[in-house]
Structure formats: structure tokens, C-alpha cells
Undergrad: 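First the structure, then my questions, so here it is.
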Amino acid sequence: MGLFDQIIGAVANPNQQGNIGQIGSIINTVQQLSNSTGADSNTMQSVFSIVGGQVRSALQHKRETDGNEAAEAVVNQFGGTSPNPSAVASLFSPGMQQQVAEMVAQRTGLDANMIQQLLPMLVPVVLNVLKSGANARNPQGGGNPVLNSFLDADNDGDVDIADAMQMATRYMGR
């Protein structure tokens, strides 16, 4: 089952945190970011795809070094739609933040300094998408299928946060 299917499953499952309001809030935040940067939706989709890939790598590393619970704790603590520099710092060193911004700039044509300033907004949104699979009653209880799909537990390489967000936008009719 793909990441989008996991997200929709979380929305439909009362035992998971995902809900239509959360997905709508994520989509609105992405649209606001697109408007505030002057970037078209395709460029913003690329930004989220690149940042999402870097978040995935950081969470995979955290899971490998500190365990699955540590990766889930980052998602549960920092997933949201408000800017949060601590979310970025929890995953990326200052040097890595600059590398991520430069990578996004090279691939999208956007200014690297602007991207670095946007990271505190971009990273929590990516984490919020992943948070939709957390257990509603016990978020730290483990077993977040959305996060597991994102981290590609079966290693098939078929994971992209931007694709899942684009499908969610279509699903929501926006």
C-alpha cells in the first residue's frame, strides 16, 4: 500500500490521528507558502519533494541509530502547520540545513536563503503528514503505518511526500 493510501486509511480510521481537518490544514499551509514565495504549485511541489526526501533520510538515520520510537517521537512532537525551528534542528545540523536549502535552490531556481528561512515551515508540514498515522489514543505507542510507509519499510523506493500531498489535494477537491 502506498503512502497516499496509508494517509487516506489514517483519515478513515478513528484509532489514528489523521482527519480531514488536518489534511485540509496541511493543504492550506502549502498553498499559503506557494503564495508567499511567489512560487507556482509545481515548484512548491518540487520543494516539498526534495525536503521530504531529506526528512526521510534524517528519520531513517534516527530510526537506525536511536530506534523506531525516536523517529516517531520527532514526528509526534514537531508535526504541525506552524513554523518551528526546533523541528528543523531535531533532524538537521546547521550545515545540513544549508545543504538542503542549496539542493532545493539548485533544483528549483528559488533562492537558497529564502529556502533556509522556509525550512522551519516546510519540515513541520512534512512531519504533520506523517503524524496522521499515529495512534489517536497513544501517539507514542508505536505502529504508525504512515511513517512506516514513508520510511519505506519494504525498501521498494516508492515513496514521495509531494506525490502524496498532491493526491490529497485532489482527494479534497482543491
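For this chain, numbers begin at 1 and follow the sequence in order.
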Undergrad: So, do L147 and L59 sit near enough that their side-chain heavy atoms are less than 4.5 Å apart?
TA: yes

Undergrad: Return each pair, listed once, that meets side-chain hydrogen bond (donor to acceptor under 3.5 Å, both in side chains) where at least one residue sits in residues 114-127; pairs must be two or more places apart or across chains.
TA: none

Undergrad: Minimum heavy-atom separation for A87 to L127, with atom names?
TA: CB-CD1, 4.4 Å

Undergrad: Looking at CE of M121 and OG of S36, how far apart are the two atoms once the value is rounded to the nearest 0.5 Å?
TA: 8.5 Å

Undergrad: For M103, give me all partners under side chain to side chain contact (heavy atoms under 4.5 Å, CB included), at least two apart in sequence or on another chain.
TA: I50, Q54, R107

Undergrad: Please name all residues satisfying side chain to side chain contact (heavy atoms under 4.5 Å, CB included) with A70, sequence neighbours left out, ordered by chain then number.
TA: K62, D66

Undergrad: Check the pair L33 / F48 against side chain to side chain contact (heavy atoms under 4.5 Å, CB included), numbers first and verdict last.
TA: CA-CA 11 Å; L33 280 171; F48 272 101; 3.9 Å; yes

Undergrad: Within this structure, what is the CD-CD1 distance for the pair Q106 and I115, rounded to the nearest 0.5 Å?
TA: 12.0 Å

Undergrad: Quick check for you: to the nearest 0.5 Å, what is the distance between S25 atom OG and Q32 atom CD?
TA: 8.5 Å

Undergrad: Can you list everything that forms a side chain to side chain contact (heavy atoms under 4.5 Å, CB included) with N35? Sequence neighbours excluded, please.
TA: none

Undergrad: With side chain to side chain contact (heavy atoms under 4.5 Å, CB included) as the test, would you mind laying out the steps for T37 and L110 before giving the verdict?
TA: CA-CA 9 Å; T37 61; L110 297 174; 5.5 Å; no

Undergrad: Measuring from T29:OG1 to L122:CG, what's the distance to the nearest 0.5 Å?
TA: 10.5 Å

Undergrad: Between atom OG of S41 and atom CE of M44, what is the distance when rounded to the nearest 0.5 Å?
TA: 9.5 Å

Undergrad: Ignoring hydrogens, what is the shortest heavy-atom contact between S34 and A39? Give both atom names and the distance.
TA: OG-O, 2.5 Å

Undergrad: Taking only residues two or more places apart in sequence, or in another chain, which ones meet T43 in a side-chain hydrogen bond (donor to acceptor under 3.5 Å, both in side chains)?
TA: D40

Undergrad: What pair of heavy atoms forms the shortest contact from V104 to V51, and how long is it?
TA: CG2-CG2, 4.0 Å

Undergrad: Going by atom types only, do N68 and E72 share a side-chain donor-acceptor pair under 3.5 Å?
TA: yes

Undergrad: Taking all non-hydrogen atoms of both residues into account, name the closest pair between N144 and L130 and its distance.
TA: ND2-O, 3.1 Å

Undergrad: Please list, chain by chain and in numerical order, all residues satisfying salt bridge (Lys or Arg N to Asp or Glu O under 4.0 Å) with D111, sequence neighbours excluded.
TA: none

Undergrad: Run the side chain to side chain contact (heavy atoms under 4.5 Å, CB included) test against E102 and tell me which residues pass, sequence neighbours left out.
TA: Q98, A112

Undergrad: With heavy-atom distances below 4.5 Å as the criterion, would you say the side chains of L91 and F78 are in contact?
TA: no

Undergrad: For a quick test of reading the model, state the closest non-hydrogen atom pair linking G80 to N128 and the distance between them.
TA: N-CB, 3.4 Å

